[in-house]
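For reference, the structure discussed in these notes is given below.
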Amino acid sequence: LGAASSAVQDESRTEELSGSCKNVKEMMQKAEKMSSIHAEEPDDAVSNLEFDFKVWGLEGDAPSAPNGDRECPANAAEIEQSPVYVHEIDILWKRSLVGCKLSPSNNGCKPFGNDALLAEHKVLKAIRTGEVKLKATDDAIKSVGIVGGGPSGLLSAKFLRDIGIETVVFEAENKVGGKADTWTDPESGKAHDMATKWIPTLSAVFDEVDGRGHFVIGPPPIQRKIIDELKEVGLEEQLSGGFSYFDTDANLQIKVPPILQQYSKLKMAGDFVQGLNAFFAIAACPGVHGVVDCGVALPGESTEEWGRRLGIEAFTDMLCEYVDGLGDGQAKKEFVGYTLKSRSYFLLVTIVQNLAKVGVFEDSIKGKALRATLPPMGRWAEALITGDILHHIMALPATVMFKQGYSGFWDLFVKRYQLDVRLESRVSAVRKVSKHQTEITTSSGDTHTFDHVFIAVPPAAASTLLPSHYKGYYENVSTVPIETVAWRAAQHVKFPTSEPNVLFYPESCESNLGGSNGAVRTGKAYALADEYRDGVYVSIGYPGEHGQEWQASQHQQLTKLGLVNPTVLHATRRDWPSVVLAPSYTTFHDWVEENQGVDGLTLVGEEFSGNNIPSLMDDIASLFITQRWKAPNPVLVHGQAGQVKVGIISADGLKDDHWGNPADPYVVIHVCGQWAQTPGFDNQRSPVWNWESTFDVDEDCNHLTVQLWDEDSWFLGSNDKYHEEDLAFRSVPDETRTLTLKLSPAGTMVVSLRWTPGTAPRT
């Protein structure tokens with residue numbers, strides 16, 4: 001991947017460089033002088049090495065390509081690296097958020113934002129040791145139904161079982177594992193994963209809240225412990241190859257990924273150091289929102305915005321191409337927590353190895369000189385420079401996989417933890433039937449009653465099960481269709497690459513992997529896995545926008561690559577993964593925080609935890625350690641009579657009626673058999689009501705309905721319902737919440753809710 005970037009140093013040094021390096025020629029002249037320093041010179045000579053540009057190969061003057069969607073360069077395989085660098089010295093030296101967070105001794109930086117969570121050390125200790133110690137519940141929840149037998153549902157079932165709660169998992173398919181889809185070759189018995197495939201070979205672990213961390217060989221401790229326990233019932237690991245890039249036109253391996261060819265080695269090295277700082281920071285804070293909790297990102301920040309703000313575009317481009325290459329398709333547009341949490345576990349070893357290859361971690365004059373040009377490293381670098389762990393890291397493969405495939409992993413998970421899973425039991429409805437009971441109905445008509453229910457299916461599937469007031473959960477989640485296909489060729493063809501997982505060029509560029517506007521559905525395969533070198537290949541690609549026949553297109557591609565008579569063995573198409581785009585993330589997160597555990601329902605999945613198994617394991621473990629899976633204060637949230645005050649404040653952007661006239665809007669509120677109506681307006685696209693009404697409610701009343709109407713004043717005409725939405729009003733007592741509702745077909749409406757418990761209803 002290379003090396004490079006935006007260095008962070010103290011203020012005096014920044015001023016010195018800003019004054020002495022006004023342009024590239026001066027910088028190059030300085031580099032020529034510095035390159036004459038010999039290794040036997042004393043260490044204090046290193047303090048004068050601001051930049052050794054010659055080390056990084058900065059010997060040209062080409063402008064850097066614009067950020068975002070890009071033209072696909074020709075002859076990518078022949079380009080080792082364009083001699084491009086950042087021209088503005090203050091960009092290279094600007095202060096970095098993640099560098100600050102992981103270097104608390106520098107300038108008094110605060111280590112993390114989420115002090116409250118980390119102060120207990122319970123979550124951090126579990127992530128560090130793999131020991132998830134849970135206390136048995138002492139409340140009324142003794143039984144839990146779980147909708148969905150994928151990773152989130154099965155992990156939840158395990159942790160619930162650990163605290164003595166009886167669980168039943170309902171799975172619609174005839175297998176567990178969710179999107180994990182393993183096809184086993186009947187001829188060889190080898191397992192080919194069509195989706196989730198790898199486990200990490202190197203992990204970042206924190207020891208203390210102040211930023212001291214270290215590397216662990218293998219997957220994160222919680223995953224490592226579970227894998228070891230599953231080995232007791234037959235789980236086996238095996239090595240997997242890494243990635244390489246292949247130019248299908250030139251029939252050559254590409255040395256530098258095309259998406260990075262616009263950057264210098266210095267730019268890449270600095271960016272990747274910043275990336276490692278970020279990886280270590282978020283290791284202490286589980287879940288997608290952990291990037292905010294640990295102070296690495298801003299709420300609602302997209303991956304592209306995050307990279308630009310920190311000046312680490314090379315790292316962001318590489319990260320987003322990798323994420324899109326594994327089927328995300330929206331990496332730059334989505335909230336940055338998804339890209340960081342989904343891939344940090346797997347990129348760690350690759351980045352460390354590539355930085356090490358250019359000497360960044362050498363305990364020598366050269367190593368110190370290189371580090372002087374880069375951003376400050378967190379304490380994680382100490383062991384790489386002075387210890388012996390780097391020797392072991394350099395020998396690691398990029399990934400490991402399971403001999404049984406990930407489907408086999410989840411089968412053994414059910415067996416080892418003795419989980420009650422009902423296969424081919426599709427849930428058709430979930431509803432609250434009493435204060436402490438929630439009912440699950442299956443498509444066969446069977447009903448099952450539990451004290452609590454976990455929803456562990458993708459939001460798109462959950463939308464058909466949940467009440468309409470859960471729209472704040474599922475309407476904000478986005479997916480992209482992806483398809484993987486297993487092929488058999490009559491004759492095995494080995495690509496001239498060093499790794500069995502090959503990303504194709506220009507197909508990957510045509511699919512816009514890592515681009516600002518998301519992946520383009522070309523219908524072509526952009527990558528191929530030749531894991532066992534046995535004539536079975538697994539391709540991946542985004543299906544065509546207009547239903548193009550993928551099989552003919554991919555058959556043509558594979559034939560071009562030399563595969564003889566490729567035939568389809570197994571094909572999977574799925575909408576995956578579930579992510580939230582940056583503009584909607586804050587609304588989504590706030591809704592979940594307010595409603596998690598309410599109504600006897602808990603929501604779990606990759607939309608909260610990140611799209612890979614290690615992040616799911618860490619986050620769901622923390623969900624149980626902190627008991628966030630339950631309502632924050634069930635005594636106040638449920639079981640009390642009280643009052644709800646509803647405010648209808650204003651609306652904006654209302655659509656004209658079918659005659660082209662502005663709406664005549666009014667609002668009706670329905671609260672458990674009661675109703676009230678606002679005054680109406682004539683010809684108003686942006687009405688302002690500032691109207692309130694208070695309703696007395698009993699202990700079983702939890703929701704209200706807001707209806708926006710357009711009055712029809714024509715004779716024999718009828719009023720038109722413009723929008724309707726259910727809202728849950730029980731949350732933090734005596735606190736006014738202001739909500740902005742997205743209206744259909746157009747516009748927004750601002751409402752307020754205030755719940756006051758304990759007031760007896762009037763008779």
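What's counted below: heavy atoms across the whole structure, side chains too, no hydrogens, waters or symmetry copies.
With a 4.5 Å cut-off on side-chain heavy atoms, Val205 and Pro221 count as touching. The side-chain heavy atoms of Phe335 and Val292, taken from C-beta on, include a pair separated by under 4.5 Å. Side-chain contact between Trp306 and Leu298: absent, with no pair of heavy atoms (C-beta onward) separated by less than 4.5 Å. Put simply, the side chain of Phe361 reaches to within 4.5 Å of the side chain of Leu355, judged on heavy atoms. Between Ile393 and Leu384 the shortest side-chain heavy-atom distance falls below 4.5 Å. A heavy-atom distance below 4.5 Å is found between the side chains of Ile351 and Met318. Under the 4.5 Å side-chain criterion, counting only non-hydrogen atoms from C-beta, Leu528 is not in contact with Phe246. Using a 4.5 Å heavy-atom cutoff, the side chains of Met401 and Glu237 are not in contact.
The shortest heavy-atom contact between Asp530 and Asp534 is OD1-N, 4.1 Å. For the residue pair Lys341 and Pro286, the shortest heavy atom distance occurs at NZ-CA, 3.9 Å. The two atoms that bring Thr201 and Leu396 nearest to each other are O-CD1, 3.4 Å, heavy atoms only. Across all non-hydrogen atoms, the minimal contact from Leu239 to Pro397 is CD2-CG, 3.6 Å. The shortest heavy-atom contact between Asn512 and Asn517 is ND2-N, 4.3 Å. Shown here for Leu616 and Ser609, the closest heavy-atom pair between the two residues is CD2-CB, 3.4 Å.
Rounded to the nearest 0.5 Å, atoms CZ (Arg343) and CG (Leu348) are 13.0 Å apart. Between the CZ atom in Arg308 and the CD atom in Glu305 there is a gap of 8.5 Å [rounded to 0.5 Å]. If you take CD on Glu606 and CG on Asn612, they are separated by 9.5 Å, rounding to the nearest 0.5 Å. One finds the CG atom of Leu310 at 7.5 Å from the OG1 atom of Thr316 (value rounded to the nearest 0.5 Å). Taking CG of Leu374 as the start and CG of Asp271 as the end, the distance is 10.0 Å to the nearest 0.5 Å. Here CZ of Phe346 is found 9.0 Å from OG of Ser203. Values are rounded to the nearest 0.5 Å.
For the residue pair Tyr245 / Glu499, no side-chain donor-acceptor distance below 3.5 Å is found, with atom types taken as modelled. The closest side-chain donor-acceptor pair between Asn501 and Lys197 falls under 3.5 angstrom. A donor atom on one side chain and an acceptor atom on the other are not found under 3.5 Å apart for Tyr505 and Asp249. A donor-acceptor pair shorter than 3.5 Å cannot be found between the side chains of Asn611 and Ser342.
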Exercise for the section: Apply the test side chain to side chain contact (heavy atoms under 4.5 Å, CB included) to residues Phe409 and Thr196: give CA-CA distance (whole Å), side-chain angles for both, the deciding distance (0.1 Å), then the verdict. Expected result: CA-CA 11 Å; Phe409 172 89; Thr196 305; over 6 Å; no
Next on the checklist: side chain to side chain contact (heavy atoms under 4.5 Å, CB included), that's the test. Do Tyr532 and His192 meet it? Break it down for me.
Outcome noted: CA-CA 9 Å; Tyr532 295 107; His192 295 267; 3.3 Å; yes
Exercise for review: Give the C-alpha distance, both sets of side-chain angles, the deciding distance and a yes or no for side chain to side chain contact (heavy atoms under 4.5 Å, CB included) between Tyr322 and Asp317.
Suggested key: CA-CA 9 Å; Tyr322 186 26; Asp317 280 352; over 6 Å; no
What verdict does the side chain to side chain contact (heavy atoms under 4.5 Å, CB included) test give for Leu235 and Ile227, after you've listed the backbone C-alpha separation in whole Å, the side-chain angles of each residue and the deciding distance to 0.1 Å? CA-CA 8 Å; Leu235 183 67; Ile227 289 172; 4.0 Å; yes
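The ring of Phe504 has its center no closer than 6.0 angstrom to the ring center of Tyr526. Aromatic ring centres of Phe315 and Phe279 lie closer together than 6.0 Å. Residues Trp198 and Phe243 place their aromatic rings such that the two centres sit under 6.0 Å apart.
A salt bridge does not link Glu362 with Lys357: every distance from a Lys NZ or Arg NE/NH1/NH2 to an Asp or Glu carboxylate oxygen is 4.0 Å or more. Of the charged side-chain nitrogens involved, at least one lies within less than 4.0 Å of a carboxylate oxygen, so that Lys225 and Glu131 count as a salt-bridged pair. Under a 4.0 Å N-O distance rule, the pair Lys332/Asp324 does not qualify as a salt bridge. Residues Arg309 and Glu301 are paired through a salt bridge, judged by an N-O separation under 4.0 Å between the basic side chain and the carboxylate.
In this structure, Phe280 and Trp380 have parallel ring planes: the angle between them is below the 30° cut-off, well short of the 60° mark.
Under a 3.5 Å cut-off, the side chain of Glu304 and the backbone N or O of Glu313 do not form any donor-acceptor pair. Although no hydrogens or angles enter the test, the distance criterion places a donor-acceptor pair under 3.5 Å between the side chain of Ser622 and the main chain of Asp619. Judged purely by atom type and a 3.5 angstrom limit, Arg371 uses its side chain to pair as donor or acceptor with the backbone of Val360. The backbone N or O of Tyr406 lies less than 3.5 Å from a partner atom in the side chain of Asp193, making a donor-acceptor pair. With Gln223 contributing its side chain and Pro220 its backbone, the two residues share no donor-acceptor pair below 3.5 Å. Checked by atom type and distance alone, the side chain of Asn277 pairs as donor or acceptor with a backbone atom of Pro376 at under 3.5 Å.
Atom NZ of Lys403 has 12 or fewer neighbouring heavy atoms from other residues, nucleotides or ligands inside a 6.0 Å radius.
Listed by chain and number, the residues in a side-chain contact (heavy atoms from CB on, under 4.5 Å) with Thr339 are Thr303, Leu319, Val323, Ala331, Glu334, Val336 (sequence neighbours excluded).
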